[in-house]
Amino acid sequence: MAGVRVRFAPSPTGALHIGSVRTALFNWLYARHCGGQFLLRIEDTDKERSTKENTEAIFKILRWLRIDWDEEPVTQSERIDRHREVALELLKSGNAYYCYCTQEELAQKKEITIKAGGSYSYDRKCRDTGMQHRPDTKPVIRLKTQITGTTTVNDMIQGDVTIDHSRLDDLVLLRSDGSPTYMLSVVVDDHDMGITHVIRGDDHLTNTFRQIQIYKACNWRIPQFGHIPLIYGPDGAKLSKRHGAASANDYYSLGYLPSALLNYLVRLGWSHGDDEIISREQAIEWFDLTNVGKSPSRFDMAKLQNLNSHYIRQMANDSLLDYMEPFLGLQLDEDKRGKILRGMNSLKERAKTIVDLANSSKIYTESPVAYASECAKYATSKHLELLRAVCEILGSHSSQITEESLQQDIRDMAAAAGIKLVEIAQALRGALCGRLVSPSVFEIIAIIGWQEATKRIENYIRHFNVTPR
Ligand code: GLU
């Protein structure tokens with residue numbers, strides 16, 4: 001289906017919500033699947049809340065996820081003249097009219113209707129009065145919405161949705177200060193950008209019927225619509241900050257890989273049989289709006305974390321290191337890089353996030369600055385005695401240290417002392433890492449070298465108040 005043109009139209013009024021990222025992803029996948037085009041439009045007409053920084057952050061997140069767009073992004077605020085032009089054309093063709101009702105008048109009518117238990121919509125007082133524009137006044141321009149009949153949207157996700165025109169109002173196209181409304185801008189931009197399919201959150205479904213009225217009045221081809229159900233938190237409420245990370249940027253900061261987030265978001269509301277691990281290539285090949293579910297999806301952090309662990313394990317070590325660098329808080333020289341890379345296979349087995357990985361990699365680049373409380377259990381005088389013996393073994397290995405030979409020597413030492421290897425290993429772990437969970441201590445020693453290991457063990461002994469011999 002070449003010729004497909006879809007768009008992602010975020011408003012840069014705050015951090016990009018994870019649900020919006022999924023909308024972008026579904027649009028992008030649809031375009032790539034169909035061999036069509038994926039466009040961006042920055043809907044920045046809310047001047048007070050839209051910022052350049054938010055716009056930049058949107059681009060950054062999309063680039064991070066490798067959701068690429070095909071044409072120069074459209075900036076909605078630069079198209080105001082065009083929006084205005086369309087409103088005036090609608091006036092000329094008799095599909096719109098000047099409305100002189102004042103805010104006060106409308107507010108009063110609204111209050112009366114609501115007090116009487118009704119639901120308010122504009123009473124079309126100015127619709128057929130044929131009033132011409134008077135230079136001394138500041139009217140709004142309203143659309144002459146169809147009053148009778150119905151509109152059915154054959155939604156690509158929701159199926160047929162019908163609305164009775166009696167439920168629509170004569171919406172404002174141009175405000176009294178001459179600024180176009182969101183409803184008008186979206187339609188004019190989608191039309192001018194040649195958008196064939198509008199795929200967006202189902203919170204826009206009611207807007208769709210109002211926007212279709214504008215398409216009809218302009219005599220423009222109506223695009224196809226697909227409304228994606230929203231994302232809920234575990235408690236069934238719309239996903240928000242209250243549930244923890246809700247913005248896409250949070251997931252970067254928490255140490256998620258773009259491949260994992262992408263996989264997670266693809267599966268959130270869309271399925272391909274029982275497949276859970278889906279690469280970006282497979283997603284492009286398989287993606288279809290017919291397999292997007294109609295009910296809201298629940299965000300499941302544990303599932304995302306499992307996917308993240310999976311993608312961490314799959315990733316080449318040097319690429320992982322690139323992802324880790326911003327989280328390390330230090331500049332890596334060749335030596336440090338080399339050490340982390342040597343230890344990476346073991347580190348990545350355990351890591352759930354890049355932040356975990358960066359933290360745990362510190363065992364290769366810095367001595368512990370503190371010891372976790374559980375280390376004390378492995379710092380009795382007996383343990384410290386054993387650690388001193390380990391230092392001697394390390395000294396004897398100084399020229400060529402291998403994991404295997406060291407392990408053998410320490411094993412022999414444990415056997416000779418009549419204690420379990422694990423006792424020494426835990427004490428060593430405490431000394432080398434400052435905590436009791438880490439890759440094999442023999443591997444750590446082989447990577448950091450005997451001198452550094454000896455230094456850390458001596459620090460440990462000193463810390464627990466016994467002077468090394
Ligand atoms: N700017 C709107 C939003 O961020 C999207 C409008 C649309 O997709 O039509 O919710």
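Everything numeric in this text was worked out from a predicted model, so none of it was measured. Indexing begins at 1, ligand by ligand and atom by atom, following the structure's order.
In summary, the atoms of ligand 1 found under 4.0 Å from a heavy atom of Ser11, numbered by their order in the structure, are 1 (N), 2 (C), 3 (C), 4 (O). Counting the atoms of ligand 1 from 1 in the order shown, those under 4.0 Å from a heavy atom of Arg200 are 7 (C), 8 (O), 9 (O). Per-residue contacts place Arg7 under 4.0 angstrom from the following atoms of ligand 1 (heavy atoms of the residue considered): 7 (C), 8 (O), 9 (O).
For the pair Arg32 and Phe38, the cation does not sit on the ring face, since its NZ or CZ is not both under 6.0 Å from the ring centre and inside 45° of the axis.
Contacts classified as side-chain hydrogen bond (donor to acceptor under 3.5 Å, both in side chains) and involving residues 33-42 (residues at least two apart or in different chains) are given here: Arg5-Gln37, Arg41-Glu43, Arg41-Asp190.
By the 3.5 Å distance cut-off applied to N or O atoms, Arg41 is not counted among the residues near ligand 1. The distance criterion of under 3.5 Å between nitrogen or oxygen atoms is met by Ala9 with respect to ligand 1.
Counting heavy atoms closer than 4.0 Å to ligand 1, residue Phe225 contributes nothing at all.
Of the protein's non-hydrogen atoms, the one nearest atom 6 (C) of ligand 1 is Tyr182 OH, 2.9 Å. Closest protein heavy atom to atom 1 (N) of ligand 1: Glu43 OE1, 2.6 Å.
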- Task: Let me see the working for Asp44 and Ser77 under side chain to side chain donor-acceptor pair (under 3.5 Å), right down to the final yes or no.
- Result: CA-CA 6 Å; Asp44 60 343; Ser77 62; 2.8 Å; yes
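Every residue meeting the ring pair (Phe, Tyr, Trp, His ring centres under 6.0 Å) condition with Phe59, not counting sequence neighbours, appears here in chain and number order: Trp69.
Phe8 does not count as a contact of ligand 1, since none of its heavy atoms falls under 4.0 Å from the ligand.
One finds a salt bridge joining Asp46 and Arg49 here, because a Lys/Arg side-chain nitrogen approaches an Asp/Glu carboxylate oxygen to under 4.0 Å.
Ring orientation note: the planes of Phe225 and His227 are close to parallel, at an angle under 30° on the 30°/60° scale.
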